[in-house]
Structure formats: C-alpha cells, structure tokens
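FYI, the numbering just counts along the sequence from 1. Since this is a predicted model, take the numbers as computed values, not measurements. Heavy atoms only: backbone and side chains are in, while hydrogens, waters and symmetry mates are out.
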Amino acid sequence: MSMSTPGPERVPSTVKVDKTSGQGKPPAGAKKASSAAKPGGSRPGGAKGKGRKPVTPVKVAGSRNWGPIAVAGVVVLIAVGIIGYGVYAAAKSSNEAGTPWQERAASIDGIVNFRENNSDASIAARNHKSGVLTYKTSPPVGGDHNPRWENCMGDVYTQPIPNEHAVHSLEHGAVWLTYKQGMPEDQVAKLKSKVEGQPYTFMSPIANLDKNVSLQAWGYQLKVDTVDDTRIDEFIKSLRQNATVEPQAVCSNGVTVTGTTPQDS
C-alpha cells in the first residue's frame, strides 16, 4: 500500500460570527452592545432625544406690555408742561420787572393817582404835626402826619386806628388796606390773608366807609366792592414799598395805637 506524501499543514479557517452564533441566536450582551453603539437605540430620536442634533428653539414674540410705556409718556408730558410753565412764568416775571411800577399802577382799573392830578397840594405835604389833623380824602392818602408811624409789618388791627399815624406809614412805603367796619368775619379773614406776614402792609376797619374795601398807598387809592376783587392783589403788588417818598424808611419800631386820637408822645 502506498503512502501519500504529507502535504503542507492545513490551518483551520476562522469563521467570523456576526450577531448570531450557534443556532442563530445573538451572543449574550450583543443586543446591549449594539444599542450602546447606536445612541438613541433603534427608535427615532432615541431615549430623551439623546444623540440627535439639538433643535434651536423658535422665539415667539409675546404681546408688548404698554403699561410702563404709557406711564413714562405721562411723566414726560408732565415734565414738559412744568418746564413750559416755568419758562412762561419767568418771561412774565421778567416783563413785569422791566415795567416801571408807575405804569403797572396806572393799568389797574379804577385806581386814583392823586400825585398826577395834583388836585390838592395838601396831599403832597409831609410835615410832622401833633394832634388831630384834617384830610381831604377818606381814608387819607398823604399829607402832614404825626411824627410816629403805625407799625406796618403785616399788622392786622381789628379796631380803627388814627389817620395821623397811618399816613406816616404810607410815607414809608406801606400799603394800608381798610374795610367797612362790621364786615362779616369770613370776608375779613380773606383780607387778613393778604396782609398778615407781609412787610410794609397793614389793615384796619373804618366806620362808614363808602365802599367795602379801600386801599391806600402814598398818593394812590383804589376802592372796590368785594374782598374777592383781583385788583386788591394787583394794588399791593405794584405799590407796596414802590410808592414810598422816604426810601429805606422802616415799618417796624412804630406805635400800635387804636382809636381816633393820635399818640403824640
């Protein structure tokens, strides 16, 4: 029997098993490994969307809150109004300041300028005299007067005061506000508010006054029917201190005398 010559050594071929082995079942852990190799698993999007490219969220513009905008607009309008009024008031004040007080006084309807008409030289007299004196106007607006003046630093007298002291106060630049004696208290209170605390002003009642209110400055007079007449404020503003014929004279350190008899000493 002949013997075959031994051939080269045969090497067993290697069989690659993919996913299945044996009876076609996947090896243990293969499914798990496969899932790990493919993030997200076989379902679209994977678990919780892991492994997919993140989607940029779309911003949806909400409705605008107009409340703060409206409030800001109102604030701006108010500010503009305040500034505008300030400019107007400053301009008006500047115009008034640039107008001579005599012109402002002359523009007051009903005012009587005894300086201008020079109807009686006695009104311009400025001598110091004692005792009771006679005046051409009632209340008086100028003339000879007592050496002592009535205090006129916003003083309010509830009883009549001597004309002789009051006229001296007018010489110093004060405005004397008088009213008909017996006027209701609420009306007197309105006049009081215009005088009290105002230097170079004073007020007192006068019996049998022909108008409810009469205002006096040196050489000027204005009579009105009601305490609410706006000319009262105009008179005080235009003539207080301006109508003085004795500049720098004071309204304090005088006398506080009521009645009709002047205090000579």
Side-chain angles (χ1 to χ4, degrees), residues 110-183 187-188 191-192 194-196 198-225 227 232 235-236 239-265:
I111 195 170
V112 179
N113 183 351
F114 291 94
R115 297 186 184 187
E116 184 178 60
N117 60 33
N118 198 25
S119 59
D120 196 314
S122 66
I123 293 177
R126 297 174 51 197
N127 300 306
H128 288 180
K129 294 183 177 180
S130 299
V132 177
L133 304 176
T134 301
Y135 293 96
K136 297 294 182 178
T137 65
S138 180
V141 296
D144 294 336
H145 47 267
N146 191 274
R148 308 181 71 180
W149 59 90
E150 194 84 9
N151 283 317
C152 44
M153 293 294 289
D155 294 86
V156 175
Y157 299 92
T158 58
Q159 298 295 324
I161 60 177
N163 288 332
E164 293 80 7
H165 294 307
V167 170
H168 195 160
S169 299
L170 299 183
E171 183 185 43
H172 286 198
V175 167
W176 182 20
L177 190 158
T178 60
Y179 59 93
K180 184 180 293 185
Q181 193 168 25
M183 179 179 287
Q187 296 183 45
V188 174
L191 296 176
K192 180 179 177 181
K194 301 177 185 297
V195 170
E196 196 168 39
Q198 289 289 337
Y200 290 88
T201 64
F202 62 120
M203 65 178 280
S204 66
I206 290 185
N208 303 316
L209 191 62
D210 57 342
K211 291 283 188 177
N212 284 325
V213 180
S214 181
L215 295 106
Q216 290 68 230
W218 185 272
Y220 290 89
Q221 189 170 66
L222 173 68
K223 294 185 177 183
V224 299
D225 292 315
V227 299
I232 295 175
F235 187 98
I236 294 173
L239 287 96
R240 183 171 69 103
Q241 286 191 272
N242 289 328
T244 182
V245 286
E246 193 174 333
Q248 308 303 320
V250 300
C251 250
S252 57
N253 301 319
V255 296
T256 300
V257 180
T258 57
T260 57
T261 303
Q263 181 176 320
D264 292 323
S265 60

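The side-chain contact (heavy atoms from CB on, under 4.5 Å) test applied to Ser252 returns Met153, Val250, not counting sequence neighbours. Considering only residues two or more places apart in sequence or on other chains, Lys136 meets the salt bridge (Lys or Arg N to Asp or Glu O under 4.0 Å) condition with Asp120. Residues meeting the side-chain contact (heavy atoms from CB on, under 4.5 Å) test with Gln198, sequence neighbours left out: Thr201, Arg240. Scored by the side-chain hydrogen bond (donor to acceptor under 3.5 Å, both in side chains) test, Thr244 finds no partners at all (sequence neighbours excluded). Residues that satisfy the side-chain hydrogen bond (donor to acceptor under 3.5 Å, both in side chains) test with Thr258, not counting sequence neighbours, are absent from this structure. Shown here are the side-chain hydrogen bond (donor to acceptor under 3.5 Å, both in side chains) partners of Asp210, two or more places apart in sequence or in another chain: Lys223. With sequence neighbours left out, the side-chain hydrogen bond (donor to acceptor under 3.5 Å, both in side chains) criterion links Thr256 to Asn151. With sequence neighbours left out, Pro160 forms a side-chain contact (heavy atoms from CB on, under 4.5 Å) with Gln181, Pro205. Every residue two or more places apart in sequence or in another chain was checked for a side-chain contact (heavy atoms from CB on, under 4.5 Å) with Ala124, and none qualifies.
Among residues at least two apart or in separate chains, salt bridge (Lys or Arg N to Asp or Glu O under 4.0 Å) pairs with a member in residues 143-163 are Lys129-Asp144. Pairs of residues two or more places apart, or lying in two chains, never qualify as salt bridge (Lys or Arg N to Asp or Glu O under 4.0 Å) while including a residue from residues 160-169. For residues 253-265, the set of pairs meeting the salt bridge (Lys or Arg N to Asp or Glu O under 4.0 Å) definition, not counting sequence neighbours, is empty.
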